[in-house]
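All ligand and atom numbering here is 1-based and tracks the order in the structure.
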Amino acid sequence: MTEVTIVGAGLMGHALALVYVLGGHRVRLTDSNPTTLMMARQRMESALGCLLDGGEVDDTWTVARLDASLRLCPTLKEAVDDTEVVVEAITEDPPAKERLYAELAELMHPAAILASNTSHLDVFPLIPASLQRRSVITHWYSPPYLIDLVDIAAGPDTDPAVVERVRASISAMGKRPLVFRNFIPGYVANRIQTAISREVYSLLDDGLVTPHEVDHSIVHGLALRFLVLGHLAKADFAGLPLSQHSLANREDDLSRAMRANSETLDQLIADGHTGVLSGRGFFDWSDHSPDDLFRERDRRLIGLKQTMRNLGGPLRGK
Ligand SMILES: NC(=O)c1ccc[n+]([C@@H]2O[C@H](COP(=O)([O-])OP(=O)(O)OC[C@H]3O[C@@H](n4cnc5c(N)ncnc54)[C@H](O)[C@@H]3O)[C@@H](O)[C@H]2O)c1
């Protein structure tokens, strides 16, 4: 058991706190916004309820057990004092992260490891020299208590033993860490997601498809095969000449997808339709509360994971 600090208790931070508690660690959670910190405890309880209902954790996981492993800390100093690992999950804002890392360099135990959950940033230039050898990126996917992939990337001066320690501890929590030799902005999964986003927004902006048609194509076409085969094994099944032809095909004019913004997206955001939390994004979600919707998403993800486990997981070549 390790004592772990999570800094930032927002969408990712509260869920990471739950992952570490369920992984057998003692967790101190902090946020610069006291309201967010209080809400985080409620959100952890709600997510734990979903995992219990779905049979993903055993019934010894009571709320009392959660509370016994969790400490909500109003200050950074209290949160990091003598803990062994500090997970940074604050806003994706380079100056904010840089200020926090400078504070952490003063407050963390001299042997403690810093692990950033950044989605896209090369955070290493923002980290003080005294922390460089013990800093690493551990990038989780939402909701991290159900999505098992964790990208791990070392900085130029990270001690390989630190990377291995972090990898082993994430693996011991039942997750699927992937260690990258170098920092790749967006890692692999986020880059693929960004490539899909560019094409999807291009099709929407050009008025060629509706949001329903996009998600229909993904859910009923792409996604099932992704789950069973990934992308490259699927290419093997289709025969590689098909991939060669589709790369050479210029009729789909994917070049427009390289624009840096989308009018459709910009308009929705300008209208306040920012997604499930606001009741509407591309789709209208206002018949249900966000909490109910997140719980229902988790319930379905759990069912899918269990089905995949019963099937023996994805089909793998050597
Ligand atoms: N949202 C996702 O799906 C997702 C997935 C993977 C990685 N990430 C990354 O995780 C990080 C957090 O993202 P999020 O979606 O949870 O954001 P969020 O906005 O929901 O939460 C960030 C929290 O950090 C707090 N905060 C800001 N500065 C702070 C400071 N100095 N000290 C303590 N708390 C501070 C804010 O009050 C806020 O509650 C980002 O780096 C993001 O790129 C997000």
Distance from [atom] to nearest protein heavy atom, with residue and atom:
{"atom": "atom 1 (N) of ligand 1", "result": "Leu11 CD2, 3.4 Å"}
{"atom": "atom 33 (C) of ligand 1", "result": "Ser32 N, 3.3 Å"}
{"atom": "atom 23 (C) of ligand 1", "result": "Asp31 OD2, 3.5 Å"}

Are Asp151 and Tyr141 linked by a side-chain donor-acceptor pair shorter than 3.5 Å? yes
Ring centres of His220 and His216 under 6.0 Å apart? yes
Using a 4.0 Å cutoff against the non-hydrogen atoms of [X], which atoms of ligand 1 qualify?
{"X": "Thr118", "answer": "41 (O)"}
{"X": "Lys97", "answer": "40 (C), 41 (O)"}
{"X": "Asn33", "answer": "37 (O)"}
{"X": "Ser142", "answer": "3 (O)"}

Take every heavy atom of [X], measure it against each atom of ligand 1, and state whether any distance is under 4.0 Å.
{"X": "Trp140", "value": "yes"}
{"X": "Ala96", "value": "no"}
{"X": "Asn117", "value": "yes"}

Can you check whether a protein heavy atom sits less than 4.0 angstrom from atom 21 (O) of ligand 1? yes
Per-atom contact, atom 15 (O) of ligand 1, protein heavy atoms, under 4.0 angstrom: yes
Any N/O pair Met12/ligand 1 closer than 3.5 Å: yes
Pairs of nitrogen or oxygen atoms closer than 3.5 Å, one from Ile90 and one from ligand 1: do any exist? yes
Looking at Arg309, Arg176, Lys175, which hits salt bridge (charged side-chain N to carboxylate O under 4.0 Å, His left out) with Asp148? Lys175
All side-chain hydrogen bond (donor to acceptor under 3.5 Å, both in side chains) counterparts of Asn310, not counting sequence neighbours: none
Between His139 and ligand 1, which part of the residue brings a heavy atom under 4.0 Å of the ligand: side chain, backbone, both or neither? side chain
For residues 228-238, please give each side-chain donor-acceptor pair under 3.5 Å, one per line with the distance, not counting sequence neighbours.
none

How close do Thr138 and Ile152 get, heavy atom to heavy atom, and via which atoms? CG2-CG1, 4.3 Å
Identify the two heavy atoms, one from Phe124 and one from Ala154, that lie closest to each other, and give their separation to 0.1 Å. CZ-C, 3.5 Å
Chi angles and distances behind the side-chain contact (heavy atoms from CB on, under 4.5 Å) call for Tyr20, Val87: CA-CA 10 Å; Tyr20 276 93; Val87 177; 4.0 Å; yes
Yes or no on side-chain hydrogen bond (donor to acceptor under 3.5 Å, both in side chains) for Ser289 and Asp291, after CA distance, side-chain angles and deciding distance? CA-CA 5 Å; Ser289 74; Asp291 278 355; 5.5 Å; no
